[in-house]
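Here is the structure we will look at, set down as structure tokens.
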Amino acid sequence: MPKAERGTPKDLANRMKAKGLQKLRWYCQMCQKQCRDENGFKCHTMSEGHQRQLLLFADNPNKFLDEYSAEFKNGYVELLRRRFGTKRVHANQIYQEYISHKDHLHMNATKWLTLTEFVKWLGKEGICIVDETEKGWFVTYIDRDPETIARQQQLAKKEKMDKDDEERMMEFIEKQVERASTSGKTDEPQYTELVRSSEEEKLQLQLNLKASSSKPAASTSTPNNVFKTLKKDWDTASVKSFKSTSSSSSDGKRKLSALEQIKEEQERMKQKRFRKDYWLTEGIVVKVVTKRLGDKYYKEKGVIVAVIDKYVAVIKMLETGHKLKLDQEHLETVIPSPGREVRILNGEYRGNSAVLQSVDMDKFSVTLRINSGEFEGTTLRGIAYEDISKIHVS
């Protein structure tokens, strides 16, 4: 039967039928030909080209099976890694997405007869974590990339250090609270009546004083001189103690109370809790600080147009218009002149826009005033350079 001419209704109908997915049992992997019905598949198997492909397959069947199996496995695992990462997902869901592409490799050409056998093989080889439930088989991809493993180890180490610091800080706060509660309690003096136990007892006053080497006779001859000497010594000691107390209080800074120390520690912990190890945000201006791309882009500015996995940014250079994909370690923030608008990138007020009021060059910090959101009108002082960046105005 002659082929329909291009553009005729018959040709269009044939194209629409061939566009979608057809049944798997009418597909020939060796010839990579999809038939639409059983009659067409039968005619294809009787054709001379198909017979030649079968002779090639008969010479070395294991080679073709291994190649097809490896190609199917790579496509399935790559889709799982790119689409779902390390999330737990139904195995059939991945398979349905994989076969939605018309040019995919079919499972009937591999060494696995069913999807269940393939999933079990993935678990046996250590490529994925597989588990069977009432809803079917689920798979979880095991990421063995060295960069990913190194990043996970760094995150685990950082979380452990943060947890240790938080535990130590909580112990310190508990001790401060206990000390404040104990210091706040003052024992009031209790006045009792003086009662003598016996009338025969007499009240005696004994003063054991050492005679001074300069005037021994005067100190022992008259008792009045003894009381004068005691009074003089007491007055001298009181004056010295008052002077030392006043000088120490005037020279040193005022010691914070336990409640003030607790408030400072809580504020410090609050800021630490809101801080993240990533700061990339779309719409801000950044500067390239790596020389790996050459001197052409070094110290050049660009605007972030997209953020990938929180740590990687796609940057459009302001001068050339070229787009670069860089890690946040190769970028730094841009501080505009006072009066310009900036974006807060870290801390409790992360994501808010503010107006730069002043820059402290000695402390490498700035003073901001938030101009939008629920914190509008709030003034922030001592914000580090790396926590803000200029907002790009198109």
Side-chain angles (χ1 to χ4, degrees), residues 158 161-162 165-166 168-169 172-173 176 249-291 297-305 307 310-311 313 315-319 326-394:
K158 186 176 182 298
M161 292 176 63
D162 293 343
D165 294 341
E166 187 175 356
R168 285 196 294 267
M169 192 59 61
F172 175 75
I173 292 175
Q176 291 292 340
S249 61
S250 60
D251 295 340
K253 295 181 179 180
R254 185 180 69 87
K255 187 177 180 181
L256 297 177
S257 63
L259 185 59
E260 291 175 343
Q261 292 179 4
I262 293 172
K263 288 182 177 180
E264 287 188 358
E265 294 299 336
Q266 289 179 347
E267 186 68 23
R268 202 174 294 117
M269 288 294 297
K270 186 177 180 181
Q271 292 292 337
K272 190 174 182 181
R273 185 171 66 253
F274 281 104
R275 291 195 67 82
K276 307 293 183 183
D277 59 346
Y278 55 88
W279 52 269
L280 297 177
T281 306
E282 295 182 5
I284 63 173
V285 181
V286 293
K287 184 184 295 184
V288 179
V289 294
T290 180
K291 294 185 178 180
Y297 299 108
Y298 182 63
K299 293 294 183 180
E300 293 296 326
K301 297 179 182 179
V303 57
I304 297 179
V305 296
V307 178
K310 300 180 182 179
Y311 299 93
I315 305 168
K316 184 178 181 182
M317 306 307 295
L318 295 179
E319 292 188 0
L326 294 173
D327 191 89
Q328 70 174 8
E329 295 180 356
H330 301 151
L331 303 171
E332 69 176 13
T333 58
V334 175
I335 308 299
S337 57
R340 296 292 185 88
E341 193 172 9
V342 297
R343 179 70 50 80
I344 302 175
L345 306 178
N346 221 329
E348 182 181 0
Y349 304 97
R350 179 189 183 102
N352 289 282
S353 59
V355 177
L356 180 62
Q357 293 186 336
S358 62
V359 180
D360 191 346
M361 304 293 290
D362 297 331
K363 297 182 179 179
F364 303 101
S365 61
V366 297
T367 301
L368 308 174
R369 185 179 182 83
I370 300 177
N371 60 355
S372 63
E374 58 179 339
F375 302 104
E376 184 177 359
T378 304
T379 302
L380 306 178
R381 295 179 176 84
I383 305 299
Y385 285 171
E386 59 268 17
D387 290 343
I388 66 166
S389 189
K390 178 182 176 181
I391 295 178
H392 177 68
V393 180
S394 57

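Keep in mind that this is a model prediction, so the values were computed, not measured.
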Test side chain to side chain contact (heavy atoms under 4.5 Å, CB included) applied to Lys390 and Lys301, step by step: CA-CA 11 Å; Lys390 178 182 176 181; Lys301 297 179 182 179; 5.9 Å; no

Salt-bridge contact Arg275-Asp387 (side-chain N to carboxylate O under 4.0 Å): yes

Flag if over 12 foreign heavy atoms under 6.0 Å of NZ, Lys316: no

Which residues share a side-chain contact (heavy atoms from CB on, under 4.5 Å) with Ser372, sequence neighbours left out: Ser353

Side-chain H-bond candidate by donor/acceptor type, Thr367 with Arg381, under 3.5 Å: no

Main-chain N/O of Tyr385 paired with Thr333 side-chain donor or acceptor, under 3.5 Å: yes

Pair Asn352-Thr378, side chain to side chain contact (heavy atoms under 4.5 Å, CB included): steps then yes or no: CA-CA 11 Å; Asn352 289 282; Thr378 304; over 6 Å; no

Result of checking Val305, Val334, Leu318 against His392 for side-chain contact (heavy atoms from CB on, under 4.5 Å): Leu318

Ser389: which of Leu280, Ile284, Leu331 passes side-chain contact (heavy atoms from CB on, under 4.5 Å): Ile284

Pair Tyr297-Thr290, side chain to side chain contact (heavy atoms under 4.5 Å, CB included): steps then yes or no: CA-CA 8 Å; Tyr297 299 108; Thr290 180; over 6 Å; no

Verdict with supporting geometry, Leu326 and Val286, side chain to side chain contact (heavy atoms under 4.5 Å, CB included): CA-CA 11 Å; Leu326 294 173; Val286 293; over 6 Å; no

CD on Glu282 to CZ on Arg343, rounded to 0.5 Å: 10.0 Å

Tyr278: partners by ring-ring contact (aromatic ring centres under 6.0 Å, His included), with sequence neighbours left out: Tyr311

